[in-house]
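Working notes for the structure below.
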Amino acid sequence: MTATHDGTAATDDDLRRWVRVAGRAPSAHNTQPWAVRVTDGRIEVAVVPDRVLCAGDPSFRDLLLSLGAWVESAAVAAAADGRGLAVEPTPALDRLEDLPVRGAADPTLPVLVLRPVAEPYATPFTPQDVRDRRVHRGELAPAPDLRVDAPALPAGLRLLQVDDAAMSRLVRLGTAWTASRRAVAAELVRWLRLSPAHPRYARDGMTDRMLLMPSWAARLAAPVTRRPALHDAALRLAVLVGRWVEAVDRARPLPPPPAPGAPVRGPQHLVLVARTPTVHSATETLDARLGLAPADVVEAGRALQRTWLHAHRAGLAVAPHSEVVDSPHAVGALRRRLGLRRSQVALAVFSVGRPTTPSPRSPRLTDGVTKG
Ligand SMILES: Cc1cc2nc3c(=O)[nH]c(=O)nc-3n(C[C@H](O)[C@H](O)[C@H](O)COP(=O)(O)O)c2cc1C
């Protein structure tokens, strides 16, 4: 137990409560790749190999960002109790390559250890914000008057804006890349839950409701996720169409940028960019596939979650577009558009705007867990 400024101590039950709030953190494909245990006054976070996107996230970028979003959410929960959380990355965070390809988490190898501290975490956000925030995949109306970069970003991170016309093309190029890489597309299909009959519909992955699919489309597509023959035929078709779109779009330059001062069309499109390296240890950074120390990417995930919570507070929602940073063609075009230097890494791309329809809630493994 840890004594705090008000003389009381954070109990393991308090920590479990914070963990339940953090369970609502966002993660790529809603994989929820964390396995968390509360023990002796600390929170240990391990990675679940079965929940790591081997094909779609080979650099562990999305895994580390998701862990960061989880940590930020836990810190918000701790702050509501007037406490802080000291975050300590373990050596296992620098050795994600050593994770097995399949299986459960190894609880003896946490990647992060969080300990309650007396100094309360300063945040404007509440556990209710963490619970209510959600991404929106429908129409986003423009909200040009809102500054989504208001929460100060840590040194080395920047949010840059990309124009609507370029973004449409980059998203198409990225989607074509995802569709045309069979292993990436198959992995995405594995995390789709298009019918309530899916055994994991209320647990994880992306449901037809979250994707705002009309019920006829979900009924038509659901068997593709369950029946091997349909699944294989759909993936073959996706590869063909994806390759064709990619070939056409790669050959065309991006549309010209808008004139300075031109009115904003569509939602804002933002790119979280990190500068390499904010060296903790030179070997650590050089070894990492992203060219960034994993702990720095976790910090970037915390900042990303703060930005998304800030948007939520302002009545906005975000639509992430990781396909733009996954596709070498799309990210190359994005880098040229933004004039990024070699030392800068685009970590996340997302649109922000005012949702014009309700955003359905996504499932979580921790939903329905009321105690312990
Ligand atoms: C690092 C990261 C990358 C993501 N990339 C995408 C993406 O490319 N496309 C998408 O639709 N959602 C993306 N998401 C959103 C997740 O799918 C979403 O957080 C998850 O399904 C849970 O839904 P919720 O955030 O509404 O609770 C991403 C989330 C994170 C944290």
Side-chain angles (χ1 to χ4, degrees), residues 21-34 47 51-53 55-57 59-73 128-138 140 167 170-179 184-185 187-188 190-194 200-213 267 269-272 274 290 294 297-309 311-312 316-327 330-331 334 345-352 355 357-367:
V21 172
R24 291 292 324 164
S27 57
H29 294 4
N30 199 16
T31 47
Q32 305 163 62
W34 42 75
V47 170
R51 297 179 170 277
V52 175
L53 301 169
D57 189 25
S59 66
F60 305 117
R61 181 202 65 219
D62 283 352
L63 169 67
L64 292 164
L65 291 175
S66 303
L67 289 174
W70 191 96
V71 169
E72 185 64 21
S73 306
Q128 202 55 44
D129 292 326
V130 173
R131 290 190 198 99
D132 290 346
R133 177 219 56 84
R134 46 194 81 172
V135 307
H136 185 81
R137 297 181 179 83
L140 288 171
M167 181 71 175
L170 295 170
V171 166
R172 201 165 62 208
L173 206 44
T175 308
W177 186 87
T178 305
V184 179
E187 194 172 61
L188 167 65
R190 261 206 307 284
W191 288 95
L192 294 179
R193 319 281 184 242
L194 301 185
R200 305 195 62 82
Y201 193 79
R203 311 263 301 146
D204 54 17
M206 290 175 294
T207 66
D208 53 329
R209 296 191 61 233
M210 287 162 65
L211 299 172
L212 301 176
M213 285 176 87
H269 309 294
L270 296 166
V271 186
L272 182 66
L290 279 170
V297 187
V298 172
E299 277 307 310
R302 294 191 67 167
L304 189 68
Q305 172 72 336
R306 286 195 291 273
T307 304
W308 291 5
L309 288 171
H312 164 73
L316 306 182
V318 307
H321 286 287
S322 303
E323 65 276 15
V324 173
V325 272
D326 290 340
S327 152
V331 82
L334 175 74
V345 183
L347 286 175
V349 176
F350 56 98
S351 306
V352 190
T357 52
S359 318
R361 187 177 157 91
S362 52
R364 286 295 187 281
L365 296 164
T366 37
D367 281 354

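These values consider heavy atoms only, across backbone and side chains, with no hydrogens, waters or symmetry-generated copies. Note that this is a predicted model, so its numbers are computed, not measured. Counting starts at 1 for both ligands and their atoms, following the listed order. Along the sequence shown, residues are numbered consecutively beginning with 1.
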Parallel under 30°, tilted from 30 to 60°, perpendicular over 60°: which one fits the rings of F350 and W308?
perpendicular
Any side-chain heavy-atom pair of R133 and V318 under 4.5 Å
no
Does Q32 offer a backbone N or O that forms a donor-acceptor pair with the side chain of S27 under 3.5 Å?
yes
Starting from atom 19 (O) of ligand 1, locate the nearest protein heavy atom and write down its residue, its atom name and how far away it is, to 0.1 Å.
P26 CB, 3.1 Å
How far is atom 4 (C) of ligand 1 from its nearest protein heavy atom, and which residue and atom name does that atom have?
S322 OG, 3.3 Å
Could you please spell out the steps behind the salt bridge (Lys or Arg N to Asp or Glu O under 4.0 Å) verdict for D367 and R24?
CA-CA 9 Å; D367 281 354; R24 291 292 324 164; 3.3 Å; yes
Just to be sure I read this right, does ligand 1 sit under 4.0 Å from the backbone of N30, its side chain, both, or neither, counting only heavy atoms?
both
At a 4.0 Å cut-off, with the gap strictly under it, does some heavy atom of R361 reach an atom of ligand 1?
no
Could you list the atoms of ligand 1 found under 4.0 angstrom from a heavy atom of R134?
26 (O)
Between the side chains of Q305 and R302, is a donor N or O closer than 3.5 angstrom to an acceptor N or O?
no
Which residue and atom name correspond to the protein heavy atom nearest atom 16 (C) of ligand 1, and how close is it?
S27 O, 3.1 Å
In this structure, CZ of R51 is separated from CG of N30 (nearest 0.5 Å) by 8.5 Å
One finds that the ligand 1 atoms under 4.0 Å from a non-hydrogen atom of M210 are 21 (O), 23 (O)
Euclidean distance, L304 CG relative to S66 OG, rounded to 0.5 Å
9.0 Å
Per-atom contacts of ligand 1 with S362, taking only distances under 4.0 Å to non-hydrogen atoms:
22 (C), 23 (O), 24 (P), 26 (O), 27 (O)
Under 4.0 Å from one or more heavy atoms of H29, ligand 1 contributes atoms 17 (O)
Nearest-contact summary for atom 14 (N) of ligand 1 - protein heavy atom, Å:
P320 CG, 3.4 Å
Which of the numbered atoms in ligand 1 are below 4.0 angstrom from a heavy atom of H321?
8 (O)
Euclidean distance, D57 CG relative to L64 CG, rounded to 0.5 Å
8.0 Å
For atom 12 (N) of ligand 1, the closest protein heavy atom turns out to be R137 NH2, 3.2 Å
T207 side chain reached by P360 side chain, heavy atoms, under 4.5 Å:
no
At what distance is the nearest protein heavy atom to atom 26 (O) of ligand 1, and which residue and atom is it?
V135 N, 2.9 Å
Between R364 and ligand 1, find which residue part has any heavy-atom pair under 4.0 Å and reply side chain, backbone, both or neither.
side chain
Ligand 1 contact by R133, heavy-atom criterion under 4.0 angstrom
yes
Would you mind running through ligand 1 and noting each atom that sits below 4.0 Å from a heavy atom of E323?
8 (O)
Name the closest protein heavy atom to atom 30 (C) of ligand 1, giving the residue it belongs to and the distance to 0.1 Å.
A28 N, 3.6 Å
Interatomic spacing from CG in L188 to NE2 in H29 - rounded to 0.5 Å
4.5 Å
Distance check, rounded to the nearest 0.5 Å: S359 atom OG versus H312 atom NE2?
10.0 Å
